[in-house]
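Here the structure is laid out as structure tokens; the discussion comes afterwards.
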Amino acid sequence: QVQLAESGGGLVQPGGSLRLSCAASGRTFSIYTIGWFRQAPGKERDFVTAISWSGGSTYYADSVKGRFTISRDNAKNTVYLQMNSLKPEDTAVYYCAARNGLGSVVAVSQYNYWGQGTQVTVSS
């Protein structure tokens with residue numbers, strides 16, 4: 001089993017920045033990819049970004065390219081999501097997720113483990 005814990009959410013004004021953290025514990029050696037997803041009220045959970053646990057390959061949704069950056073610190077078993085130039089439409093609960101197999105990195109169904117989520121609100 002893998003346990004994931006997100007932190008760093010909060011309220012920020014449009015144009016501001018936040019950094020989310022996702023700390024992994026348990027059988028972390030089995031992780032292949034860590035992804036971030038978000039879910040706004042009344043909407044489906046959408047892919048935001050992902051990073052391979054070993055090689056560092058990154059993937060981004062078009063809506064966040066150039067504004068969000070995913071990174072990892074394997075020594076700390078932690079993945080970070082730096083979010084800049086935030087917009088009101090970025091408001092959502094952000095979840096980190098881990099998978100230990102291959103397949104589409106953008107598909108919710110491909111991820112085995114999920115954190116509890118952290119709220120990000122972008123509002124003036």
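In this chain, numbering begins with 1 at the start of the sequence shown. What you are looking at is a predicted structure, and each value in this text was computed from that prediction instead of being measured.
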Verify same cluster id: V64, V93 (apolar side-chain graph, 4.5 Å): no

Joint cluster assignment, Y113 & V79, ILVMFWY side-chain distance < 4.5 Å: yes

More than 12 heavy atoms from other groups under 6.0 Å of OH on Y60: yes

Residues in salt bridge (Lys or Arg N to Asp or Glu O under 4.0 Å) contact with K65, at least two apart in sequence or another chain: D62

Geometric cation-pi criterion R45 and F37, 6.0 Å radius, 45° cone: no

Check against side-chain contact (heavy atoms from CB on, under 4.5 Å), V12 and S17: CA-CA 7 Å; V12 63; S17 299; over 6 Å; no

Y59 reachable from I31 in the ILVMFWY side-chain graph, under 4.5 Å edges: no

For the student: nearest non-hydrogen atoms of R67 and L86, plus distance: NH1-CA, 3.9 Å

Distance, nearest 0.5 Å, that separates OG of S52 from CD1 of I70: 9.5 Å

Same apolar cluster: F47 and V108, side chain cutoff 4.5 Å: yes

R99 NZ/CZ over Y111 ring centroid, <6.0 Å and within 45° of normal: yes

Among T118, D46, D90, T91, the one residue meeting side chain to side chain donor-acceptor pair (under 3.5 Å) with R38: D90

Donor-acceptor contact below 3.5 Å, side chain E6 vs main chain G117: yes

Nearest atoms (heavy-atom pairs only) where S30 meets V2: OG-CG2, 3.9 Å

For the student: nearest non-hydrogen atoms of A50 and V105, plus distance: CB-CB, 4.4 Å

Any side-chain heavy-atom pair of L4 and Y95 under 4.5 Å: no

Whether over 12 other heavy atoms sit under 6.0 Å from Q116 CD: yes

CD/E44: more than 12 non-hydrogen atoms of other groups inside 6.0 Å: no

4.5 Å side-chain heavy-atom contact, N77 and S25: no

Cluster link Y32 to V106, ILVMFWY, side chain under 4.5 Å: no

Donor-acceptor under 3.5 Å (N74 side chain, W53 main chain): yes

Pairwise distance CD1(I34) to CG(L81) - rounded to 0.5 angstrom: 12.5 Å

Pairwise distance OH(Y80) to SG(C96) - rounded to 0.5 angstrom: 12.5 Å

From T49 atom OG1 to F68 atom CZ, the distance as rounded to the nearest 0.5 Å: 9.5 Å

Nearest heavy atoms of S123 and P14, plus distance in Å: C-CD, 3.6 Å

Check: N112 main-chain N/O paired with N100 side-chain donor or acceptor under 3.5 Å: no

Rounded distance (nearest 0.5 Å) linking atom CZ of R72 with atom OG of S54: 7.0 Å

Backbone of T69 reached by a side-chain donor or acceptor of Q82 within 3.5 Å: no

